[in-house]
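All remarks here apply to the structure that follows.
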Number of protein chains: 2
Amino acid sequence: MTAAAEPPRAAPLAILCGAGAFPLEVAADVRRAGREPFLIGVVGASDAAIEAYPHLWVRIGEVGKLFAALKGRGVAEMAMIGAIARPEFADLRLDWGALRRAADLAQLFRRGDNGLLVGLAAIFEREGVKIVGAHEIAPSLVAPKGALTARAPSPEDEADIAFGAKLLEALSGFDAGQCVVVKGARVLAIEAAEGTDAMLERVAEMRKSGRLRLKGAAGVLVKAPKRGQDLRLDMPAVGPETIAGAARAELSGIALAAGGVLVAERARCIRDADAARLFLAGFAA
Amino acid sequence: MTAAAEPPRAAPLAILCGAGAFPLEVAADVRRAGREPFLIGVVGASDAAIEAYPHLWVRIGEVGKLFAALKGRGVAEMAMIGAIARPEFADLRLDWGALRRAADLAQLFRRGDNGLLVGLAAIFEREGVKIVGAHEIAPSLVAPKGALTARAPSPEDEADIAFGAKLLEALSGFDAGQCVVVKGARVLAIEAAEGTDAMLERVAEMRKSGRLRLKGAAGVLVKAPKRGQDLRLDMPAVGPETIAGAARAELSGIALAAGGVLVAERARCIRDADAARLFLAGFAA
């Protein structure tokens, strides 16, 4: 009898780095846990600071180069962290490794964002690279249950959180957004391709222009993964820019599906939210 | 035996006029049909051109003045046409007629937009004023089935229309928006409190900024009433500004639930859509 080969704990873990500093936060957490991260930067998307770690830059479409590097380093696990703007298939600069997989790749581009990621993960896994999520390799970065801030949701806020969570659940099958803003069972904004920050900006503008006439702190941002969403691939996240956006929109707070949403720069998020008198809380999803 | 009293055809029909020229289009259609419309302008919302008809200006909250005028003229039917920005209850300047109904009115303001309108209609009907819809008094303004433009939806567009209609159906229970923009089963935008024009502007901006990377005419605006929505109260509508917005967003077309969406300035809409190579079509809802 042979035991199934588990990659040794010291095996390098690759992080495919999307935009922003969050991939670096995950890398730091992974390193603290005793594993050496190997960072893959995407030209035009990733932060240059990834160069503080062992790293490789690739262009979107350089699939062959990427797989060769992963194999060369014996990488058996990879996390995909941070957003990368969805390219058009026709814009990809495909290398030979990509052309070998072109039929698979082309098919992906007929799917929604989530379908694209699921298919991309399947391609990596067929090459022997297991896809892992930030919540598995850096669980301290995930929203817990309950309030993180001095302020906690009021009973009215709790009702809006429940309403927003139900609305997100209804949207789940459509691979649309992961965020809504709700105030008194009224839907102020629903996220789709614009993203959370732009959606919050819109709420702020509607209040400024008088299209939304609300007094004082009002409205809850509710964020949750889609039903059945593979958290290894595309985990919803908030960060200081979310707090700033919620403050500009004069919301009462931010509610995150506990265990399902990443909080980047948690200490700063809590400090900023407290300063803006926002609650930041996890709800049981 | 006494027959139920039907209001005589010559009985005046009131039109509570929201923003824009559409209430005037309805008034013209009503007059062509041989009835004399009595227009009620809302200070700060309605077009001054309503003064071409018998009219009355009221402020939001002048409920007593409004009911007295309707009774004085023997108005038994009223249509509510065009949008009025939702006021906060505390901002209303309530007159005595409103204060008598204050408990009812205050309760309305705890509801979503649709709930507010339903309750408002009930208050009018209790006072003996039957609420009628634009589709009843001016049916020539409603979207028919099929393409109005030279261009018709392609099979891909038809798939996006079906997807968008299903998404709107799923949103129905939440009293949210009536519009989505879909491209290849991907949800680009969902309308909530910002309205259709702002949503289209957002799609145009996402294309300009490169957040959405789509080539050529792409995406369909799908608009439909909510399930169970009372079309007498709040009928979805499009007009030349919708065509202009869709053109700026470089969509392939606009699909409307046949019988459920008003088309303001139809001739101009068709001309503008043809010039922009957009389709404008009704789908069986």
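Each chain gets a letter, A, B and so on, in the order its sequence line appears, and its residues count up from 1. Computed over heavy atoms, backbone and side chain alike; hydrogens, waters and symmetry mates excluded.
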Exercise for the section: Would you please go through residues 196-206 of chain B and name the residues with a non-hydrogen atom below 4.5 Å from one of chain A, in numerical order? Expected result: R202(B), M206(B)
Problem - Closest heavy-atom pair and its distance - A193(A), R186(B) - result: CB-NH2, 4.5 Å
Exercise for the section: List for me each residue that meets side-chain contact (heavy atoms from CB on, under 4.5 Å) alongside A258(A), sequence neighbours excluded, and say none if there are none. Expected result: K145(A)
Problem - Which residues share a salt bridge (charged side-chain N to carboxylate O under 4.0 Å, His left out) with E169(B), sequence neighbours left out - result: R227(B)
Exercise for the section: For each of G177(B), S209(B), A176(B), tally heavy-atom pairs with chain A at distances under 4.5 Å, and name the one with the top tally. Expected result: A176(B)
Exercise for the section: Decide yes or no for L171(B) and V187(A): does some side-chain heavy atom of the first lie under 4.5 Å from some side-chain heavy atom of the second? Expected result: no
Exercise for the section: Could you tell me which residues satisfy salt bridge (charged side-chain N to carboxylate O under 4.0 Å, His left out) with K65(B), sequence neighbours excluded, listed by chain and number? Expected result: E62(B)
Practice task
Could you look at K166(A) and say if it's the side chain, the backbone, both or neither that has a heavy atom under 4.5 Å from chain B?
Solution key: both
Completion exercise
Turns out that what part of L212(B) lies under 4.5 Å from chain A's heavy atoms comes down to side chain
Fill in the blank from the handout: So CZ of F163(A) and CG of D175(B): to nearest 0.5 Å the spacing works out to 7.5 Å
